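Read through the structure below, which is laid out as structure tokens, and then see the notes.
Sequence lines set the chain letters: A, B, ... in the order given, protein chains first and strands last, and positions in each chain run from 1. The structure displayed is predicted, hence computed values, not measured ones.
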2 protein chains.
Amino acid sequence: MRLSLVPDNNRLIRKLESIFTLADDERQVLENLPMQVMGIKADQDIVRQGDRPSRSCLILSGFACTYKVTAGGKRQIVSFNLPGDVPDLQSLHLQVLDTSIGTISPCRVGFIPHEVLRDICERYPRLAAAFWRETLIDAAIFREWVMNVGQREGYQRIAHVLCELLVRLRAVGLAEDHACDLPITQGEFADAIGLTTVHVNRMLQQLRANGLIELKGDRLKVLDWDKLKAAGEFDPAYLHLERQEAAA
Amino acid sequence: MRLSLVPDNNRLIRKLESIFTLADDERQVLENLPMQVMGIKADQDIVRQGDRPSRSCLILSGFACTYKVTAGGKRQIVSFNLPGDVPDLQSLHLQVLDTSIGTISPCRVGFIPHEVLRDICERYPRLAAAFWRETLIDAAIFREWVMNVGQREGYQRIAHVLCELLVRLRAVGLAEDHACDLPITQGEFADAIGLTTVHVNRMLQQLRANGLIELKGDRLKVLDWDKLKAAGEFDPAYLHLERQEAAA
DNA sequence: CGAATTGTTGACATACCTCAAGCCCAGTGG
DNA sequence: CCACTGGGCTTGAGGTATGTCAACAATTCG
């Protein structure tokens, strides 16, 4: 555990800049975000449901996920957290966490005190809006996931999640056009799309057999993007990645 | 369609006040929210996916829902919107709507221009935070819904939604302790929890047979709240209704 | 009062689950 | 360097929750 005043949080900056141009002072604030940086092993909780955190965590590298656990002990992953994400930004205004956040692969995580964030929001209204916006995009993703598990069949569900992951990774510079590292296990996919690991396995094989993807070890290659998109009924609009245009 | 400067948006005020005490000027701003009030029949869209609205809508009375439609034409309701809700508050920062919002019963809806909201956010930081918080609670509900459709069986799912609706209605003064008006059709429940209307019907009958509820016409009576909560594994924490306590 | 929407029921089909075994591969320790 | 271990992946057989289709009953509403 070490303190750092020059953390490499360029994924977050990159995400925000894809939305609007940062002024020099705004960019500087982000580049010098005071945070406590920590390395965390795979499969560890970063924060837990019920916690009342006084800081938010920024994923600097690695894969994490937000999840809830059923009374019966079943786990639902409600979101994959990628570098540049601040998966518990909500705790700035909601005191008690209603989800846990855990690592999937080894991660580097930066913890930013809420006071710091509040201070920034006060002084840089555009950054406040940008943070708010980030939480709204999270919400949009949750909505799409409700639809995914509620209305689509297994085959479509996986196709959809794979599409989402590839596009989001691309947005933070962690994917080539049609390939990316993806250290997500079939069991984790299962918990994310509400199927069993057995069934996930079978659906993945079908995707492979149909020539849509190649998925081996931690590596995903999309062989036929159009077909994969079609299979998952994937329309990236809900990710709100497009630049803010002047309103009509 | 008429303009009103003294709209009865007390449900919203009530919700916000349950979180923190409003200052006089803040309360006055809310009481005098300039909005265009409109009566809308049942089963009409208020706004549509793809729209770029320049105002947000406040549900004044009646039931509405936020939904998405699959490429295959299946509808997923991702949220029920009750009086006091501003279901597209997000459009303040996300230009393109990724969902449609439609009425379930006849509604009175107030449209508030974005400029008005932005102006309030600038001048009343605590109200800005409160609005942000509202969108965060929406997100928390979406997360719970992902879990509901992803991990729970039909019987549990309905129990859960019924619990949520009753608690939320209570929070805005629209329910007695264990009963409320509920003009939601079985087909709508089906679209909300990812089942068919036939199966919803069977699960409801089971809930009735087990003595948990009475549901007839537009009226829900919960006969055994503890059992219903248990059946749906319902824990209201995710609704974040508790008062903001001083941080530890 | 008729017409439409909603609720109910039955018979049958299927996507997905459960259990259980075997395989592959990376890491570890002797 | 090899044997061992454990996690993840794969496969098969059989079971169940839920879907589909189709008819009919009960309500609501104009």
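Here the P atom of nucleotide D:dG8 and the CG atom of A:L215 are 14 Å apart, to the nearest Å. As a whole-Å value, the separation of B:Q186 CD from C:dT9 P is 10 Å. The distance from atom CD of B:E188 to atom C1' of C:dG7 is 13 Å, rounded to the nearest whole Å. The distance between atom CD of A:Q151 and atom C1' of D:dG19, rounded to the nearest whole Å, is 12 Å. Distance CG (A:D218) to C1' (D:dG7): 13 Å, rounded to an integer number of Å. Between the P atom of D:dT18 and the CZ atom of B:R202 lies a distance of 12 Å, rounded to the nearest Å. A:I158 places its CD1 atom 16 Å from the P atom of C:dA15, with the value rounded to the nearest Å. Spacing between atom NZ of B:K41 and atom P of C:dT5 amounts to 13 Å, rounded to whole angstrom units.
Applying the 4.0 Å criterion to OP1 and OP2 of D:dC9, one finds that A:N201 has every side-chain N and O outside that range. In terms of phosphate contacts, B:R152 brings no side-chain nitrogen or oxygen within less than 4.0 Å of OP1 or OP2 of D:dT18. Residue B:R208 places no side-chain N or O under 4.0 Å from the OP1 or OP2 atom of C:dG7. Between A:T196 and C:dC17 there is a side-chain N or O to OP1 or OP2 distance below 4.0 Å.
Closest contact between the side chain of B:T185 and the listed nucleotides C:dG7, D:dA13, C:dG10 involves C:dG7. When distances are taken from the side chain of A:Q205 to each of C:dT8, D:dT11, C:dA15, the shortest belongs to D:dT11.
Residues A:E176 and A:R219 are paired through a salt bridge, judged by an N-O separation under 4.0 Å between the basic side chain and the carboxylate.
Across all strands shown, B:L195 has heavy atoms under 4.0 Å from sugar-phosphate atoms exclusively, and none from any base. Using a 4.0 Å heavy-atom criterion, one finds that A:G217 contacts no nucleic acid atom at all.
Note that the CZ atom of B:R157 and the CD atom of B:Q151 stand 9.5 Å from one another [nearest 0.5 Å].
Nearest-nucleotide positions on DNA chain C place B:T197 closer to the 5' end than the other of A:K216 and B:T197. Mapping B:V198 and A:R157 onto DNA chain C by nearest heavy atom places B:V198 at the nucleotide closer to the 5' end.
Inspection of the B:N148 and B:R152 side chains reveals an N or O donor paired with an N or O acceptor under 3.5 Å. Checked by atom type, the side-chain pair A:N210/A:Q206 shows no donor-acceptor distance below 3.5 Å.
A:F234 and A:W225 have perpendicular rings, their planes meeting at more than 60° on a 0 to 90° scale where under 30° would count as parallel.
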